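Report on the structure given below.
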Amino acid sequence: FLFIDAAALLESGLHRRCGAVWCVLAPAAQRLERILRRDGLTEEEAHRRISAQKNDAFYQAAADVVLWNQGDLARLRWDTCDALQALRKTVNGPMA
C-alpha cells in the first residue's frame, strides 16, 4: 500500500488516481481547539480558516473510509488498523 497525506487531494481531482480515499475528520470544536493551540491564531482567524474549508459532508461523500479523530490517539490508531485490515482483505481475499 502507498498512502499519500494530501490535504487538497479531493479539491485537486487527484483522488481519481487513487484506489481508495481515506478521510480523517474531527468534531468542529476539537478542530478549533487544535488550530488555536498548534498555529497560534486568534479565534477569529481560526474560524475563517475552518470556514474556508469544505464541510464534513463533502469529505464523507468522497471518501471510501472515514476515520474520526475525536481526541484519543489510541482510538484513532485502533480504528486505522481496523480499516487497514479490511482493506487488506479486499485486496488479498478473506484469508490475508
Side-chain angles (χ1 to χ4, degrees):
F1 298 111
L2 172 68
F3 288 87
I4 301 169
D5 181 7
L9 182 74
L10 297 172
E11 292 88 339
S12 69
L14 289 175
H15 67 286
R16 291 184 205 99
R17 297 178 150 220
C18 298
V21 174
W22 291 29
C23 179
V24 180
L25 298 173
Q30 285 186 330
R31 275 186 283 177
L32 177 62
E33 177 187 319
R34 290 172 183 162
I35 290 170
L36 291 171
R37 186 175 55 232
R38 182 190 65 222
D39 298 343
L41 301 176
T42 66
E43 195 164 325
E44 182 181 330
E45 292 167 329
H47 279 292
R48 272 198 304 258
R49 180 181 290 178
I50 290 170
S51 295
Q53 298 171 350
K54 303 278 188 189
N55 63 30
D56 289 352
F58 170 81
Y59 297 104
Q60 289 175 316
D64 300 294
V65 175
V66 177
L67 299 171
W68 283 95
N69 182 1
Q70 299 186 55
D72 185 319
L73 188 55
R75 180 77 228 178
L76 179 61
R77 285 182 179 144
W78 185 265
D79 292 344
T80 302
C81 287
D82 283 349
L84 186 55
Q85 274 191 322
L87 180 61
R88 281 188 182 128
K89 287 179 183 176
T90 63
V91 172
N92 297 323
M95 299 305 289

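Because the structure is predicted, anything quoted here is derived from the model rather than measured.
Both Phe3 and Leu73 are members of a single hydrophobic cluster when ILVMFWY side chains are connected at heavy-atom separations under 4.5 Å. With hydrophobic clusters built from ILVMFWY side chains whose heavy atoms lie under 4.5 angstrom apart, Leu25 shares a cluster with Val21.
For Asp72, the salt bridge (charged side-chain N to carboxylate O under 4.0 Å, His left out) test picks out no residue, with sequence neighbours left out. Residues forming a salt bridge (charged side-chain N to carboxylate O under 4.0 Å, His left out) with Asp64 (at least two apart in sequence, or on another chain): none. Residues forming a side-chain hydrogen bond (donor to acceptor under 3.5 Å, both in side chains) with Arg49 (at least two apart in sequence, or on another chain): Asp39. By the salt bridge (charged side-chain N to carboxylate O under 4.0 Å, His left out) test, Arg34 pairs with no residue at all, sequence neighbours left out. Taking the salt bridge (charged side-chain N to carboxylate O under 4.0 Å, His left out) definition, one finds that Glu11 meets it with nothing, sequence neighbours left out. With sequence neighbours excluded, no residue satisfies side-chain hydrogen bond (donor to acceptor under 3.5 Å, both in side chains) with Gln53. Residues that satisfy the side-chain hydrogen bond (donor to acceptor under 3.5 Å, both in side chains) test with Glu45, not counting sequence neighbours, are Thr42. Take Asn55 and apply the side-chain hydrogen bond (donor to acceptor under 3.5 Å, both in side chains) test, not counting sequence neighbours, and it matches no residue.
In terms of heavy-atom proximity, Tyr59 sits nearest to Cys23 at CB-SG, 3.4 Å.
Under the side chain to side chain donor-acceptor pair (under 3.5 Å) criterion, no residue pair touches residues 13-28, with sequence neighbours excluded. Residue pairs meeting the salt bridge (charged side-chain N to carboxylate O under 4.0 Å, His left out) criterion with at least one partner in residues 50-63, sequence neighbours excluded, are Arg31-Asp56.
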Which pairs would a plain distance check flag for residues 78-85, meaning a side-chain donor or acceptor within less than 3.5 Å of a matching protein atom at least two apart in sequence or in another chain?
| residue | atom | partner | partner atom | Å |
| --- | --- | --- | --- | --- |
| Trp78 | NE1 | Asp82 | OD2 | 3.4 |
| Asp79 | OD1 | Arg75 | NE | 3.1 |
| Asp79 | OD1 | Arg75 | NH2 | 2.7 |
| Thr80 | OG1 | Leu76 | O | 2.7 |

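Through direct or indirect side-chain contacts shorter than 4.5 Å among Ile, Leu, Val, Met, Phe, Trp and Tyr, Leu41 is connected to Leu32, Ile35, Leu36, Ile50.
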